[in-house]
Amino acid sequence: MPSSQPKHFINLEEFDTQTLKDILAHAHELKAQKFNPPQIFRGLTLAMLFDKRSTRTRMSFEVGMKQLGGHSLILSKDDIQLGGAESIESTGKVMSRYVDAIMVRLSDHKNLEELAQHATVPVINAMTDISHPCQIMADLMTIEEKLGDIAGKKIAWFGDYNNVTMSFVDASEKLNFEFIAALPEEVCARADKRANPTADAINAAKNADVIVTDTWVSMGQDGKEIEKFWPYQVNAALMAQAKDTAIFMHCLPIHEWEEVSEEVAKGPQSVIYDEAENRLHAQKAILAYCLADAGVKI
Ligand code: CP
Ligand code: NVA
């Protein structure tokens, strides 16, 4: 029997630990099967709705559906009536009559929630201004792949406090790892206490297992002043504070060479392209979780 509520994937804090671990375990399994992918999405269609640019999200969802036997269609906000006369409610209801799941990248998180409230098929958050849970599932998968069990690991974040940071913070509570965010003083002031915000970059990096950053200027923030972020650039001196086994992560795209030096981004500790690939496998597992009521068996 289908459950009354579609299985949305909106924020990590809404999931129990075991469900997240199960999705991650399935993601590893799907990666191992990448040359012989199980056709579990046969006959199913994903719609993807964007109001911002994307390389990884757009490609990895489309390829992921195709690899597992399904279909997808990409809609920019300007292609459909949502940008004009049609309401979010009507859009969600209508889209649900054509497709089996809806992936959404909408800046305003409230708009995504409204769409999910009216959709009768699962809605997947592919980034809003306050969260990016699919990115973090790929990041967790990458950490497990490179360093083993994530519990107890120290993940140190540098620079801005943004959508990616907020989803990392949600994950830290669920999967029991230490998270510390090194941010300029004024950014610390608006950060969630669960991020353990500090202005001391060197101390944050000490003994870290993972050093992670993201652009200081997220999409839609053009013209933002970046001077205050320079002490938080991830460079060789900062990496030297972390464990010898530490990895460097970045969701991409990088703003060259602001938040990270070229030396680190292209250096031996950088796992940024594995991280990008893992978007594909992590999202196939997220889709499989969401599409259970459409008959997908794992
Ligand atoms: N990391 C990420 O979400 O990249 P895109 O904006 O290219 O999808
Ligand atoms: N924080 C970035 C992430 C891009 C994937 C942004 O919102 O632009």
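All values derive from a computational prediction rather than experimental measurement. Every number for a ligand or one of its atoms is a count from 1 in the order of the listing.
Q233 places no side-chain N or O within 3.5 Å of a backbone atom of N235 that could act as its donor or acceptor partner. The backbone N or O of E13 lies less than 3.5 Å from a partner atom in the side chain of K174, making a donor-acceptor pair. E14 places a side-chain N or O within 3.5 Å of a backbone atom of N11 that can act as its donor or acceptor partner. Between the side chain of D209 and the backbone N or O of K153, no donor-acceptor pair lies under 3.5 Å. With hydrogens and angles ignored, the 3.5 Å screen pairs no side-chain donor or acceptor of N163 with any backbone N or O of D129. A donor-acceptor pair is defined here as one N or O able to donate and one able to accept, closer than 3.5 Å; such a pair exists between the side chain of Y232 and the backbone of L183.
An N or O contact shorter than 3.5 Å links S218 to ligand 2 by distance. Of the N or O atoms in M219, none lie within a sub-3.5 Å distance of an N or O in ligand 1.
A cation-pi arrangement is not found for K154 relative to F177, the charged atom failing to lie both closer than 6.0 Å to the ring centre and inside a 45° cone about the ring normal.
Between M127 and ligand 1 there is no heavy-atom distance shorter than 4.0 Å. Contact analysis leaves M59 out of contact with ligand 1, as no non-hydrogen atom separation drops below 4.0 angstrom. At least one heavy atom of R279 sits less than 4.0 Å from an atom of ligand 1.
Under 3.5 Å, the side chains of S167 and D170 contain no donor-acceptor pair of N or O atoms. No donor-acceptor contact under 3.5 angstrom links the side chains of T142 and D274, judged on distance only.
Every atom of ligand 1 is numbered from 1 in the order shown, and the set under 4.0 Å from a heavy atom of T55 is 5 (P), 7 (O), 8 (O). Close approach to C251 involves these atoms of ligand 1, each under 4.0 Å from a residue heavy atom: 1 (N). Near L252, the atoms of ligand 1 lying under 4.0 angstrom from a non-hydrogen atom of the residue are 1 (N), 2 (C), 4 (O). Atoms of ligand 1 lying under 4.0 Å from at least one heavy atom of H132, given by number and element, are 2 (C), 3 (O). Per-residue contacts place N162 under 4.0 angstrom from the following atoms of ligand 2 (heavy atoms of the residue considered): 1 (N). Using a 4.0 Å cut-off to heavy atoms of S54, the atoms of ligand 1 that qualify are 5 (P), 6 (O), 7 (O), 8 (O).
Nearest heavy-atom pair, A126 versus F61, reported as atom, atom and distance to 0.1 Å: CB-CE1, 4.4 Å. Pairing each heavy atom of A116 with each of V123, the nearest pair is CA-CG2, 3.8 Å.
Protein heavy atom closest to atom 7 (O) of ligand 2, with residue, atom name and distance, is N163 ND2, 2.9 Å. In terms of protein heavy-atom proximity, atom 4 (O) of ligand 1 is nearest to R56 NE, 2.8 Å. Atom 6 (O) of ligand 1 has as its closest protein heavy atom R105 NH1, 2.9 Å. For atom 8 (O) of ligand 2, the nearest non-hydrogen atom of the protein is M219 N, 2.8 Å. In this structure, the protein non-hydrogen atom closest to atom 3 (C) of ligand 2 is D214 OD2, 3.6 Å.
Counting heavy atoms under 4.0 Å from ligand 1, residue R58 does not touch it at all. Contacts between M127 and ligand 2, counted as non-hydrogen atom pairs separated by less than 4.0 Å, involve the side chain only.
Nearest-residue assignment for atom 5 (C) of ligand 2 (options L252, V164, I130; heavy-atom criterion): L252.
Around atom CZ of R194, more than 12 heavy atoms belonging to other residues, nucleotides or ligands sit under 6.0 Å away.
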